[in-house]
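Notes to accompany the following structure.
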2 protein chains.
Amino acid sequence: MGTRDRIVDAANRLFYEQGFEPTSFATIAEAVGISRGNFYYHFKTKDDILDAVIESRLASTREMLAEWADGSADPRERVRRFVEIVIVNRADIENYGCPVGTLTNELAKLDHPSRAHAVGVFALFRTWLREQFEELGFDAESDELAMRVLAFSQGVATLSNAFHDGDFVDREVDRVNLWLTEVLASRTPADSAV
Amino acid sequence: MGTRDRIVDAANRLFYEQGFEPTSFATIAEAVGISRGNFYYHFKTKDDILDAVIESRLASTREMLAEWADGSADPRERVRRFVEIVIVNRADIENYGCPVGTLTNELAKLDHPSRAHAVGVFALFRTWLREQFEELGFDAESDELAMRVLAFSQGVATLSNAFHDGDFVDREVDRVNLWLTEVLASRTPADSAV
DNA sequence: GTCTATATCGGGATAGAC
DNA sequence: GTCTATCCCGATATAGAC
């Protein structure tokens with residue numbers, strides 16, 4: 001892997017663990033094993049690194065969603081797969097929260113020009129989830145359901161990060177999977193409740 | 001109001017809007033209308049200001065929850081009042097997210113010693129909500145329901161901040177209020193004797 | 001491509017006059 | 001209590017050798 005990609009990978013991880021603003025070039029350089037000066041051969045500014053990190057996240061998210069689509073022919077199983085991210089990534093989420101939600105919020109507070117770029121990762125999940133619900137026979141409500149599942153994951157991630165309560169995560173995942181079954185059984189989404 | 005309190009108020013607002021770490025003494029001093037030097041008469045370090053801000057938030061949260069308790073004898077109405085925070089504070093949440101969730105996460109990423117202190121605000125809401133559900137006749141599930149309502153507010157706040165979608169907030173609040181009605185209706189008769 | 005050395009700026013924090 | 005002046009450090013970023 002080239003130096004540029006190694007920088008992006010290290011920055012990706014550090015921006016997640018420490019936040020974008022608090023992460024210094026020195027820290028990234030140390031993680032990669034290069035000098036601070038070398039940095040500027042590959043990137044002009046720190047914001048350029050951020051954009052590269054966001055691009056990398058967009059690409060890996062697209063890849064993951066495509067894999068999930070290949071992995072199961074059943075849209076219900078795919079949604080379940082998404083819901084269970086909070087279990088698979090439990091340790092990281094307890095320590096650092098959701099990488100998508102926390103970055104978008106940090107950039108919002110910084111009034112950073114790349115905020116919209118970062119929201120694109122959320123948009124990928126939203127669109128993908130909406131498509132699953134459409135395949136399951138929902139029409140206009142598909143986007144609403146997608147947002148509900150997204151909101152679930154964000155709520156669980158934030159509280160998991162605050163309280164470090166693993167049981168809470170398991171319980172809420174079970175509950176949402178149950179809710180999903182009910183919603184599919186009734187197929188009248190307007191009066192569905194979480 | 002004394003200078004110390006004015007510093008805390010300004011810092012409270014700025015830590016919310018910009019985040020703790022990115023907010024400089026210069027910015028706070030300008031907001032208060034004092035010099036940077038004067039700062040250190042009232043606080044020893046920036047972390048001391050953070051702790052004072054958290055104390056202030058704890059106090060105002062306790063006050064708010066007490067007012068809600070006085071304002072309505074019906075625990076159901078009180079929970080509803082909490083749920084509708086995301087509507088009342090819509091504009092701020094769209095711009096900066098939830099003050100509680102975003103601060104706790106920032107401090108988690110910074111591995112900051114005051115992280116647990118900040119989580120205390122979450123704990124106040126959690127306990128208060130749990131008490132409402134207990135009054136409504138729930139026993140062991142009260143804390144679970146409290147966490148669910150908290151998670152709802154965090155999920156909605158994060159997505160509202162990311163997508164700036166006001167309709168989404170209204171819709172989800174309506175839905176949770178509906179869910180609340182259903183949960184209350186489904187109580188076992190033995191529990192509902194209040 | 002990668003390095004060392006350095007410029008420049010803004011951060012938190014201190015000293016001491018008033 | 002509040003100010004000005006200043007220190008010190010670490011941040012991003014640049015220059016130029018190798």
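In what follows, every heavy atom counts, from backbone to side chain, and hydrogens, waters and symmetry copies are set aside. Chain letters run A, B, ... following the sequence lines, proteins first and then strands; every chain starts at 1.
- Here A/T45 does not reach the OP1 or OP2 of D/dT12: none of its side-chain N or O atoms lies under 4.0 Å away.
- Of the charged side-chain nitrogens involved, none lies within less than 4.0 Å of a carboxylate oxygen, so that B/E106 and B/K109 do not count as a salt-bridged pair.
- Residues B/H112 and B/S114 share a closest heavy-atom pair of ND1-N, 2.9 Å.
- In this structure, the CZ atom of B/R36 is 11 Å from the P atom of D/dA5, given to the nearest Å.
- Distances shorter than 4.0 Å separate none of the side-chain N or O atoms of B/N38 from OP1 or OP2 on D/dG1.
- Rounded to whole angstrom, the span from the CG atom of B/L50 across to the C1' atom of C/dG12 amounts to 15 Å.
- Remark: A/Y40 is in phosphate contact with D/dA13, judged by side-chain N or O atoms under 4.0 Å from OP1 or OP2.
- Contact annotation: B/Y41 side-chain N/O to D/dT2 OP1/OP2 distance is not under 4.0 Å.
- Atom CZ of A/R4 is separated from atom P of C/dT2 by 13 Å (rounded to the nearest Å).
- Of the possible polar contacts, none joining the B/R13 side chain to the B/A10 backbone as a donor-acceptor pair under 3.5 Å is found.
- Computed from coordinates, the A/F20 CZ to D/dA11 C1' distance equals 12 Å when rounded to whole Å.
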Just distance, no hydrogens or angles: give the donor-acceptor pairs under 3.5 Å from side chains in residues 29-41 of chain B, sequence neighbours left out.
{"unit_1": "B/S35", "atom_1": "OG", "unit_2": "B/N38", "atom_2": "N", "d": "3.4"}

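- To the nearest angstrom, C1' of C/dG12 lies 14 Å from NZ of B/K44.
- Taking every heavy atom of residues 21-34 of chain A and every atom of DNA chain D, pairs under 4.0 Å involve A/T23, A/S24, A/F25, by number.
- Taking the six-membered ring for Trp and thresholds of 30 and 60 degrees, B/F133 and B/F138 have ring planes more than 60 degrees apart, a perpendicular arrangement.
- A/L178 and B/V149 fall into different hydrophobic clusters, defined by Ile, Leu, Val, Met, Phe, Trp and Tyr side-chain heavy atoms under 4.5 Å apart, directly or through other members.
- In this entry the distance linking CZ of A/F39 with C1' of C/dT2 reads 13 Å, nearest Å.
- Separating the NZ atom of B/K46 from the C1' atom of C/dT14 is a distance of 18 Å, rounded to the nearest angstrom.
- A side-chain donor-acceptor contact under 3.5 Å links A/T127 to the backbone of A/A123.
- Separating the CD1 atom of A/I7 from the P atom of D/dT12 is a distance of 13 Å, rounded to the nearest angstrom.
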